[in-house]
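Throughout, a chain's letter reflects where its sequence line sits, starting with A, and its residues are numbered from 1.
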Amino acid sequence: PHFIINLPKSQKNICFNINAEPGKILNLVSDADTGVVVNGQLIGAKKQEHEKLNTYFGKIGFYFKSKDLKVEVSTEMITLKDGSYSTGLSWADTGSIIRKRLLVSVKREHNVTITVDGEMSFMVVLHRVWKNHPVNVDFLGIYIPPSNPFSSKAHGLIGQFMPEPEVSIFNERPGQDPKKPEATMEFKGHKFTVTRGLQKDYRTDRVFGTDVQCWFVHNSGKGFIDGHYTDYLVPHLYSFLKNP
Amino acid sequence: STSDEHSGESTDDSDKIGIYSYKVQSTITSRLASTMIQSKVVNNAKHPQHLVFEVQIPKGAFIDNFTMDVNGITFTSSIKEKSEARRMYAQARAKGKAAGIVRSNALDMENFRTEVNVPGGTKVQFEIHYQEMIRRRLSSYEHTISLRPGRLAKHLEVDIRIIEPQGLRYVHTPNTLGDHFDGITTLSKGEKKAHISFKPTLAQQRKCPTCSSTAVDGNFVVQYDVNREKAAGELEIFNGYFIHFFAPENLDPLPKNILFVIDVSGSMWGLKMKQTIEAMKAILGQLQPSDQFSLLDFNHNVRCWRDGLVEATPSQIDEAKNYIQGIHPNGGTNINEALLRATFILNEAKNLGMLDPNSVSMIVFVSDGDPTVGELKLTTIQKNVKQNMQDDFSLHCLGIGFDVDYDFLQRLAQENRGTAQRIFGNQETSSQMQQFYSQVSTPLLRNIEFNYPQESVSDITQNSFHNYFGGSEIVVSGKVDTQNLQHLESVVTATASNAQLVMETLADVEELDDFMSKDKYADPKFTEKLWAYLTVNQLLAERNLAPTAALKRNITKSILQMSLNHHIVTPFTAMVIENPNGDERMLADQPRDNKKGCCPGTLGITPKVPDKTIPSWANPTPVAPSPASAQKAPTFAMKPIHTVDND
């Protein structure tokens, strides 16, 4: 999957890709103080292309500890779990599941919005591909607004950027591809090369997406994310990220 | 008659009655099954004989047409108000002919029977058309055709077509007619359509290679289910009507608080009790750990296994099984006391806060007879129970055999948000009880409400439901203004095991037009008919519970109007079958289920009875027997005795 971190104050977008193995679960947000976890499980494409197997989010799990509610969004179903009970809607539905001031709102074949106490929200977008496509599979995208009231301890591949970090990008220069200039990014004392390019935001246009100008961080976000991407692998869909 | 009827193999027996053809054609369009049974028979004897056409049709099915051709004279049918039909019948009674709908003792079936006394060499063609709405039970739709031609038929054919715009999940044709017919049924299934054909040859119909009797005697069954993508269900719109099929899956069952109230009076002695114990042990074994339950057994006294509800732990279930195993039936039947005690237990539990607010509370009442001890007046029992049942409790009634007033049980259940079922007291009692329990054992949703834009729809059938049970289906229908509307939207709200659900669905009013126009078998009036049947059934239930005579009269009027408009036989109409000149008429009407209208032989005994020329129910004033009817005339379908209810 690809990540776009929007930094509204500095008006920059930073992007990186992470290609772990299918089945692995990546922690996206882990906030022990507010008791919120968001994890994404990877699925692989049907086959390799250019000797590389692309992976995508096939399942996203949300755990709201204070409410003891879990929401599982897969490319098939949207399920709210409360203790041993579960209630599900399919992507063919338009509807809502409401429990303990948590609202799961499904827009048929399009997206799911999860709203917690009217304050925190998440959007999961469904990307359907042609069923008989030789390579591509259905996958999910997740959008987390920066206004979500996470605590300062929030972590995870996305959560760590919730309080907007200071990023400095300088020495912009032509890259190997003339359409993709390069620059140097300085972040938390690390200096590394980033490449300018385009990435897609699918919230409004689910088919073609909207182009987003982005500075790409190579090597699975190395230097931009804390530690290595493998540090964000968690054992279960609802696991909190353990402190290193 | 066709030319080939005069050649080929003879199917005659010694009585010289032959069946040339016996055809059943059935088309299911979105749960609406339209069935035609046609039989061509000839009296090859030189003397006059009775020909009997007797078919079993599912209870709840509506006969909408019957025709009979006797040597080129065609009798056609029309639906009339009952007294009008009787007046017409009295004016021009048919000679040596009779028709009627009579109670049968088969599960979920009743008989339509026609008798015609015809001279030698006469050919008769019978054709009956009936329609039914196929209800989903235990995750499957089951279409049953009673196939009892009575003797060998030169051409025997069952042809069934299924057209389901939602798409067919599976279609099964279990071989319910016996091993003899293995491999004869052909089934072709497409995405939305299926075709089933059963055409045994004469040789295949014979019980044995040298037998002259037919092995075709039983039910031909087709089971299927449709695809279900949306929790909000499927909204089908066609010809100005909409049908909303709602059967969500992917929901966990709601916890249950269930009280079993079992009649252990003397009349339960023997097979009924044995089978009830067997069923109860199996049912108790199916309780979930989240359920609470208790048992009450009653004769002239009421005994509680436990004072209140207990959790369905393995040890409690074992103890309850032991208790039920030790029951010995004797004494009278105190229904009032038993039901009041059950409601008291549930009320107490609720008042003490022992009931999960998200749970479903129900009483399952099993009885085989009328009250004989305590309050005997059925209306008072009904009133007492209604007064004590809280709005969120439901009462489900099982009536075993025919000594029980099933109408009373049905009223009790309807009035208290439950369902009733007659259980036939035979070897199958246990499985029938278990099957009934399976239907109510998985409540998935509570307080289900269907909402449609008021300005665009009208005449909506029941749109608010107490519970939705897994494996079943809720159907709501209404008229829709398709002229001024492009889309119809519905919003369904319900309470699931752990959440409130709001489900929306949107359907294009022209979505089905193309599909329907391309299928020559699909019934273009299926939406209208389904709406009519739902409405009539709903009105019949409302009438059953109407508190005043005036209200009852108004409902009766509405039912009558619906029956006449949509050509269906209800308890307030009758079918007049007449020849082209109108000087010969027969009468057939719909029986109502009550105690007196039931059958003997509750343990599956089906005694044969002498044939009658014109049944007493069709012949209110005695007439002198005609020379033809005075002869002992064999019928080609010998059937058990019937008691007729003329409503």
- Over 12 non-hydrogen atoms of neighbours within 6.0 angstrom of NZ in Lys65(A):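 At most 12 heavy atoms, drawn from other residues, nucleotides or ligands, come within 6.0 Å of this atom.
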- Query: Quick one: what part of Pro255(B) sits under 4.5 Å from any heavy atom of chain A, side chain, backbone, both or neither?
  - Reply: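 For Pro255(B), the contact with chain A is made by backbone and side chain together.
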- Are there residues of residues 148-161 of chain A that reach to under 4.5 Å of chain B by heavy atoms, and which ones?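 Not one residue of residues 148-161 of chain A has a heavy atom under 4.5 Å from chain B.
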- What residue in Leu444(B), Leu251(B), Leu501(B) has the most heavy-atom pairs under 4.5 Å with chain A?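 Result: the option with the highest number of such pairs is Leu501(B).
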Report every donor-acceptor pair between chain A and chain B with a separation under 3.5 Å, backbone and side chains included.
{"residue": "Leu80(A)", "atom": "O", "partner": "Asn498(B)", "partner atom": "ND2", "Å": "3.3"}
{"residue": "Tyr85(A)", "atom": "O", "partner": "Asn498(B)", "partner atom": "ND2", "Å": "3.3"}
{"residue": "Ser86(A)", "atom": "N", "partner": "Asp252(B)", "partner atom": "OD2", "Å": "2.5"}
{"residue": "Ser86(A)", "atom": "O", "partner": "Asp252(B)", "partner atom": "N", "Å": "3.1"}
{"residue": "Ser86(A)", "atom": "OG", "partner": "Asp252(B)", "partner atom": "OD2", "Å": "3.0"}
{"residue": "Thr87(A)", "atom": "OG1", "partner": "Asn498(B)", "partner atom": "OD1", "Å": "2.3"}
{"residue": "Gly88(A)", "atom": "N", "partner": "Asn250(B)", "partner atom": "O", "Å": "3.1"}
{"residue": "Ser90(A)", "atom": "OG", "partner": "Glu229(B)", "partner atom": "O", "Å": "2.6"}
{"residue": "Asp93(A)", "atom": "OD1", "partner": "Ala231(B)", "partner atom": "N", "Å": "2.5"}
{"residue": "Asp93(A)", "atom": "OD1", "partner": "Ala232(B)", "partner atom": "N", "Å": "3.2"}
{"residue": "Asp93(A)", "atom": "OD2", "partner": "Ala231(B)", "partner atom": "N", "Å": "2.9"}
{"residue": "Thr94(A)", "atom": "O", "partner": "Glu504(B)", "partner atom": "N", "Å": "2.6"}
{"residue": "Ser96(A)", "atom": "N", "partner": "Val502(B)", "partner atom": "O", "Å": "2.5"}
{"residue": "Ser96(A)", "atom": "O", "partner": "Val502(B)", "partner atom": "N", "Å": "2.8"}
{"residue": "Ile98(A)", "atom": "N", "partner": "Gln500(B)", "partner atom": "O", "Å": "2.8"}
{"residue": "Ile98(A)", "atom": "O", "partner": "Gln500(B)", "partner atom": "N", "Å": "2.8"}
{"residue": "Arg99(A)", "atom": "NE", "partner": "Asn498(B)", "partner atom": "O", "Å": "2.8"}

